[in-house]
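Each remark here refers to the structure printed beneath this line.
One is the number of the first residue; the rest follow in order along the sequence. Source: prediction; values computed, not measured.
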Amino acid sequence: MIPVALPSVEALLLIAFLFATTFVWIVWTLGLLIRYICGRWKRPMLLPYGLVTAIAAFTVWKTGDFYIHMRAYDRERTASYRPELLAPTRLGQIDMPKGTKLELAIADTRDAFSRALFPHPVRVADIDAVEIARYIAIKTNDNYETIGFTPDNMRITGNGVTTQSGWRCDATRPVEFDLRPDGSISAFSRCILANGNVVDGITLPEGTSLRASTGNVYIDGFVDSDRWVLGTPQGQAVRVDNFDLSDATIALDDERKLYEIKGAILSKEAMLGTRRHASGTHVRYNSRHLRKDYPAAWLLAPPLPDVDPQPASPASLVQNREGDVLATPAD
């Protein structure tokens, strides 16, 4: 963080005095004007009024001068940080048309753009892009001087639907990619899914969030095998086996097979084997702490009643996908 000196107390008091005096002058002058209009004119004391007028004039002059300088600074900053391309230009491995409006992370450095707004759709990464936003990591030295930058990720917003790594993504919402240091795309990272995505027999609802994963890292250092993580949209259910699940977080392996359900709520009553599970049951699948003894098994915990503020903890139930009861571990 760059250190910025705060104004002194004396400076703040001086500014307050100048504006207070100017306010007094405005009220005094309006009073004199009203007296003159009403025919009750009385000449003011010249020395005090003249002194207050001089202070007010000085304040107005300095305020106007400050405003002019700020307008000039804003115009300069706009030119330095928000230029518009006057000719087609290639930036960050992207061919940008004339009229593209940029926002720069570093002044006068167009390759360090953090946002680009196109005058018409531009084809980028199989997306008809209308806007690109990038996160730029800025490098500084000990004197807080900029010595370089690295683009980290890019979010593209466009039109229609795009296919990324086999997923149908809603291009009207940001589609994110990881970037190489030169700004080119290294990997697809995340998006919001459109209709038409089915994996391992699971139909994913429109609006499901998707992100790529290199494996969930646990506190003990264990790295899991999940490669895609999905989050269902609020108010929509996804069907897995016999269960309609809401608020589900689903992990898939590198073959896009169901690997784990980290958490979900049963949206309506369901049967698994001979056991009936009520709506509101908390559902997990292939949890790490059960995986060694009960791989590919469901862990189901009945919902807690609302009437008792401190209800007894109900027993969880472990079942395989065929419905056989494997265990009833205590919560």
Side-chain angles (χ1 to χ4, degrees), residues 167 190 192-193 195-213 215-331:
W167 298 98
R190 66 179 69 208
I192 301 298
L193 297 181
N195 277 324
N197 290 280
V198 180
V199 289
D200 200 14
I202 303 170
T203 300
L204 300 169
E206 180 181 2
T208 296
S209 64
L210 166 73
R211 67 174 175 86
S213 172
N216 186 36
V217 180
Y218 290 84
I219 194 170
D220 61 358
F222 175 77
V223 180
D224 220 333
S225 300
D226 53 298
R227 291 296 175 263
W228 300 98
V229 180
L230 302 149
T232 59
Q234 187 174 9
Q236 296 194 48
V238 59
R239 189 165 184 83
V240 182
D241 291 353
N242 295 331
F243 298 139
D244 290 306
L245 305 176
S246 60
D247 300 327
T249 301
I250 302 171
L252 308 176
D253 61 19
D254 55 359
E255 295 181 354
R256 303 193 185 186
K257 299 295 184 181
L258 179 61
Y259 181 72
E260 182 182 4
I261 296 179
K262 300 176 183 293
I265 301 295
L266 197 59
S267 62
K268 63 182 181 181
E269 185 180 275
M271 290 286 295
L272 181 60
T274 59
R275 297 298 183 111
R276 185 180 301 277
H277 300 283
S279 173
T281 295
H282 296 267
V283 179
R284 299 177 69 182
Y285 172 79
N286 201 33
S287 298
R288 184 195 171 197
H289 70 285
L290 295 176
R291 199 176 295 159
K292 181 178 179 180
D293 296 322
Y294 309 108
W298 293 101
L299 174 62
L300 303 111
L304 300 179
D306 296 330
V307 294
D308 189 346
Q310 293 181 333
S313 179
S316 298
L317 187 67
V318 178
Q319 292 180 268
N320 62 21
R321 298 183 78 169
E322 290 71 35
D324 300 322
V325 176
L326 304 178
T328 54
D331 276 2

Nearest-0.5 Å distance that lies between atom [atom1] in [X] and atom [atom2] in [Y]:
| X | Y | atom1 | atom2 | answer |
| --- | --- | --- | --- | --- |
| D244 | L266 | CG | CG | 7.5 Å |
| I261 | Y285 | CD1 | OH | 8.0 Å |
| Q236 | S267 | CD | OG | 11.5 Å |
| L252 | L230 | CG | CG | 5.0 Å |
| L193 | T232 | CG | OG1 | 11.0 Å |
| L245 | R284 | CG | CZ | 13.5 Å |

Looking only at heavy atoms, which two atoms of [X] and [Y] are closest? And how far apart?
| X | Y | result |
| --- | --- | --- |
| T208 | P233 | OG1-CD, 3.5 Å |
| S316 | L299 | CB-CD1, 3.7 Å |
| A297 | V318 | CB-CG1, 3.8 Å |

Q) Going by an N to O cut-off under 4.0 Å, is there a salt bridge joining R227 and D253? A)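 Salt bridge between R227 and D253, a charged N being under 4.0 Å from a carboxylate O: no.
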Q.
Whether K262 and D224 form a salt bridge (side-chain N of Lys/Arg under 4.0 Å from carboxylate O of Asp/Glu) is what I want to check.
A.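 Looking at K262 together with D224, the answer is no, because their closest N to O distance does not fall below 4.0 Å.
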Q. Is there a donor-acceptor contact under 3.5 Å from the side chain of N320 to the main chain of E322?
A.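 Yes.
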(Q) Using modelled atom types and a 3.5 Å cut-off, is there a donor and acceptor pairing between side-chain atoms of R190 and backbone atoms of L210? (A)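 No, R190 side chain to L210 backbone: no donor-acceptor pair under 3.5 Å.
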Q: Check the pair L300, F243 against side chain to side chain contact (heavy atoms under 4.5 Å, CB included), reporting the backbone distance first and the verdict last.
A: CA-CA 11 Å; L300 303 111; F243 298 139; 3.7 Å; yes
Q: In sequence, state the C-alpha distance, the side-chain angles, and the governing distance for I202 and R239, and then conclude on side chain to side chain contact (heavy atoms under 4.5 Å, CB included).
A: CA-CA 6 Å; I202 303 170; R239 189 165 184 83; over 6 Å; no
Q | Side-chain heavy-atom pair D241, W298 within 4.5 angstrom cut-off | A |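 They are in side-chain contact.
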Side-chain donor-acceptor distances from residues 269-277 under 3.5 Å, at least two apart:
residue : atom : partner : partner atom : Å
E269    : OE2  : R276    : NH1          : 2.8
H277    : NE2  : Q319    : OE1          : 2.7

Q.
Is there a side chain to side chain donor-acceptor pair (under 3.5 Å) between N286 and E260? Walk through the geometry before answering.
A. CA-CA 5 Å; N286 201 33; E260 182 182 4; over 6 Å; no
